[in-house]
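Numbers here simply count residues along the sequence, with the first being 1. Only heavy atoms go into these numbers, but all of them, side chains included; no hydrogens, no water, no symmetry mates.
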Amino acid sequence: MDRDELIFQEYKLYAEQKENFIDRNFRTNRFYMISFVTIIFAMIFTNNVVFMERLTSTLLFSLIGISVCALWWMNVDSYNTLIKIKFANVIERIEEKLPVKPFTEEYKGIEEFRNKKVFVFSDIQKLIAVFGALFFFAVFVSEFSPLIVKIIAKITAVFSNVKCGI
């Protein structure tokens, strides 16, 4: 195998790895989307379930939802970084040794498109993760604030009983 054939085989292998990585990214995002929807349905169907006297299932699911959305955001961001840096840069460097540079041209086209400030798929995923986290946070606050009020009321009652006893 001559040098040019070896370079082409490495290029081909790396391009296949990039596509496999992108496919894994889509499967991961599908997992997060299904988790997101499942948590919402779990919150709806277990609305009035209470644990340990005051801890509601809605409160627990909202915390889980916030965590899932945060992980989803970080996952989208890390996949994007890896795809841009690890795969795109390496493939472009290998393409410098080849007569045709399809990924380099594709990347230039994507950058031109992105510079027009149009949302791409990863931006939409991040936006959904942010809105989901805000939704779950709002639910958490609405469920948690009555607990805080009850705790403050009990503490106030204890202190007023202590003052009256003195």
Problem set entry | Qualifying salt bridge (charged side-chain N to carboxylate O under 4.0 Å, His left out) pairs, either residue in residues 59-83, two or more places apart | Asp77-Lys126

Could you pull out every donor-acceptor pair under 3.5 Å between side chains of residues 130-155 and any protein atom, sequence neighbours left out?
{"residue": "Ser142", "atom": "OG", "partner": "Ala138", "partner atom": "O", "Å": "3.4"}
{"residue": "Ser142", "atom": "OG", "partner": "Val139", "partner atom": "O", "Å": "2.8"}
{"residue": "Glu143", "atom": "OE1", "partner": "Thr56", "partner atom": "OG1", "Å": "2.8"}
{"residue": "Ser145", "atom": "OG", "partner": "Val141", "partner atom": "O", "Å": "2.9"}

Seminar exercise, completed: Applying side-chain hydrogen bond (donor to acceptor under 3.5 Å, both in side chains) to Ser78 and not counting sequence neighbours gives none

Seminar exercise, completed: dist Ile128:CD1 -> Tyr32:OH (nearest 0.5 Å) comes out at 14.5 Å

Exercise. If you look only at pairs with a residue in residues 130-140, which of them pass as a side-chain hydrogen bond (donor to acceptor under 3.5 Å, both in side chains), with sequence neighbours excluded?
Worked result: none

Exercise. Which distance, rounded to the nearest 0.5 Å, do you find between the CD of Gln125 and the OG1 of Thr28?
Worked result: 10.0 Å

Problem set entry | Of all pairs that satisfy salt bridge (charged side-chain N to carboxylate O under 4.0 Å, His left out), the ones with a partner from residues 67-76, not counting sequence neighbours | none

When the side chains of residues 38-46 are checked against the rest of the protein, which donor-acceptor pairs come out under 3.5 Å, sequence neighbours left out?
{"residue": "Thr38", "atom": "OG1", "partner": "Ile34", "partner atom": "O", "Å": "2.7"}
{"residue": "Thr46", "atom": "OG1", "partner": "Ala42", "partner atom": "O", "Å": "2.5"}
{"residue": "Thr46", "atom": "OG1", "partner": "Ser57", "partner atom": "OG", "Å": "3.1"}

For this session: Without swapping roles, check the side chain of Asn25 against the backbone of Phe21 for a donor-acceptor pair under 3.5 Å.
Result: no

For this session: Mind running side chain to side chain contact (heavy atoms under 4.5 Å, CB included) on Trp72 and Asn29 for me, showing each step along the way?
Result: CA-CA 7 Å; Trp72 190 8; Asn29 284 319; 3.0 Å; yes

